[in-house]
Amino acid sequence: MEDIGLVLEGGGMRGAYTAGVLDYFHDSQIEFPFVSGASAGACNATSYVARQRGRNYKVLVEYGSHPDYISFKRALKQRELFGMDFIFDILPNQLVPFDFESFFTSNTTLTVSTTDIDTGEPVYYDSFQGNEDLLKVIRASSSLPMIAPSITYKGRNLMDGGIADPIPITPSIEAGNKKHVVVLTRNAGYVKKRMKFAWLFNHSYKQYPGLLKAMADRHERYNKAVQQLEEMERNEEVYIIRPKDPLLVGRVERKKEKLHALYLQGYKEAEAQGKQIRSFIETNIKEPLLVE
């Protein structure tokens with residue numbers, strides 16, 4: 001499969017849905033030469049590129065209820081809801097080992113979306129100088145305001161990739177891909193609303209006007225991105241996989257049974273669309289007719 005990209009939306013623990021979809025891809029030997037992801041989408045993408053079937057399930061479902069993964073007490077004391085050291089150090093290096101060798105020898109290109117908090121603009125990374133470098137970029141892409149500190153990387157202050165580019169199809173287009181399979185973590189018809197508690201963010205990040213503007217405009221940017229994807233789907237340039245019904249799992253869900261059910265939902269819904277997905281992937285793009 002050439003000239004086709006896989007694009008993964010974020011969404012915190014809603015990423016269990018994406019984990020199910022990706023494991024179906026593993027089982028069906030559906031591979032992509034290019035993958036882009038933001039936040040939880042980028043996290044899921046690393047295991048997919050490394051060909052570690054089931055690793056995302058272990059991280060999200062089996063460890064999602066671990067007190068070092070999500071802690072409201074820590075959020076109040078340290079302003080860190082997600083245990084970033086636990087997620088991006090202990091899990092990949094000790095508890096659920098990440099296969100760095102397979103990742104770095106893979107023929108698949110991974111592009112990770114982040115947000116420059118000084119400018120509010122998206123910044124993409126597709127090359128990584130070793131294990132710690134990769135984990136740092138993925139961590140930056142997953143660092144939500146008010147929930148985790150920003151990450152300094154190559155002279156930039158970075159945070160959650162979902163702020164500036166929540167559904168990073170732009171890198172896939174710019175890479176020359178003609179077709180794109182996009183995995184969303186919201187159902188059809190979902191409309192993102194304006195950010196709540198804007199006054200709190202304005203106070204906490206007043207030194208970063210670029211970030212504040214990006215956050216204030218995020219709902220509009222997200223909704224326009226979905227409209228663009230649906231138009232591209234009508235033109236047979238995009239195939240969208242997304243939950244058929246509104247999810248009962250939120251960004252910070254900790255209940256294992258809910259996360260397990262969401263993983264199965266992602267797997268089964270992708271499996272039900274297996275023929276359509278393969279047909280989309282294997283069908284050549286229709287060239288536009290030239291009108292003289």
Side-chain angles (χ1 to χ4, degrees), residues 8-19 37-44 46 56 59-61 63-92 112-118 120 122-123 135-153 156-168 185-186 192-219 221-222 247 249-255 258-259 262:
L8 306 177
E9 181 185 8
M13 304 307 283
R14 292 195 301 272
Y17 179 87
T18 304
S39 195
C43 295
N44 274 320
T46 57
N56 287 324
V59 170
L60 287 164
V61 180
Y63 279 95
S65 60
H66 193 286
D68 288 336
Y69 201 120
I70 299 175
S71 171
F72 293 100
K73 182 182 295 186
R74 183 180 54 237
L76 293 173
K77 291 184 177 181
Q78 305 175 26
R79 212 168 79 172
E80 187 175 305
L81 178 61
F82 288 89
M84 303 302 275
D85 289 339
F86 179 77
I87 296 171
F88 296 102
D89 181 6
I90 296 175
L91 278 174
V112 178
S113 170
T114 67
T115 299
D116 185 319
I117 65 174
D118 293 298
V123 183
L135 291 175
K136 193 168 189 178
V137 173
I138 300 297
R139 179 169 180 162
S141 182
S142 306
S143 295
L144 290 160
M146 303 298 296
I147 290 179
S150 62
I151 298 295
T152 300
Y153 181 73
R156 293 179 181 269
N157 297 312
L158 305 173
M159 294 196 89
D160 179 49
I163 299 171
D165 190 2
I167 310 171
T185 55
R186 292 291 193 180
K192 185 174 286 296
K193 298 180 180 178
R194 185 181 297 274
M195 175 180 62
K196 296 180 180 179
F197 305 110
W199 62 269
L200 181 58
F201 289 95
N202 291 338
H203 173 74
S204 299
Y205 296 96
K206 57 186 176 182
Q207 71 271 43
Y208 300 111
L211 173 65
L212 292 176
K213 186 178 188 308
M215 292 176 66
D217 298 341
R218 186 187 177 202
H219 65 294
R221 189 162 49 254
Y222 180 89
L247 297 186
V249 170
R251 182 181 291 275
V252 296
E253 181 61 61
R254 297 182 59 187
K255 294 183 179 179
K258 285 190 175 183
L259 293 170
L262 183 57

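Note that the coordinates shown come from a computational prediction; the quantities given were computed from them, not determined experimentally.
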**Asked** Is any side-chain heavy atom of Leu60 less than 4.5 Å from a side-chain heavy atom of Asn44?
**Response** yes

**Asked** Nearest heavy-atom pair of Ile163 and Arg218: which atoms, and what distance?
**Response** O-CG, 3.7 Å

**Request:** Report yes if some heavy atom in the side chain of Pro168 is under 4.5 Å from a heavy atom in the side chain of Pro122; otherwise report no.
**Result:** no

**Request:** Mark yes when over 12 heavy atoms from residues, nucleotides or ligands other than Arg156 sit less than 6.0 Å from its CZ; otherwise mark no.
**Result:** no

**Request:** With the side chain counted from C-beta on, respond yes when Ile70 and Arg251 share a heavy-atom pair under 4.5 Å apart, and no when they do not.
**Result:** no

**Message:** To the nearest 0.5 Å, what is the distance between CG on Leu212 and CD on Gln207?
**Reply:** 8.5 Å

**Request:** Flag this pair as yes if the NZ/CZ of Lys192 is under 6.0 angstrom from the six-membered ring centre of Tyr222 and inside a 45 degree cone about the axis; otherwise no.
**Result:** yes

**Request:** Specify whether Tyr69 and Phe82 have parallel, tilted or perpendicular ring planes, treating 30° as the upper limit for parallel and 60° as the lower limit for perpendicular.
**Result:** perpendicular

**Prompt:** Does any non-hydrogen side-chain atom of Asp160 lie less than 4.5 Å from one of Thr115?
**Reply:** no

**Complete:** On a heavy-atom basis, the closest approach of Met13 and Gly250 is CB-O, 3.7 Å

**Message:** Are the side chains of Tyr205 and Met159 in contact, using a 4.5 Å heavy-atom criterion?
**Reply:** yes

**Asked** Ignoring hydrogens and geometry, is there a side-chain-to-backbone donor-acceptor pair from Ser141 to Ser113 under 3.5 Å?
**Response** yes

**Request:** For the pair Phe197 and Trp199, name the ring-plane relationship: parallel under 30°, tilted 30 to 60°, perpendicular over 60°.
**Result:** perpendicular

**Message:** Looking at every heavy atom in both Ile138 and Cys43, which two are closest together, and how far apart are they?
**Reply:** CG2-SG, 3.6 Å

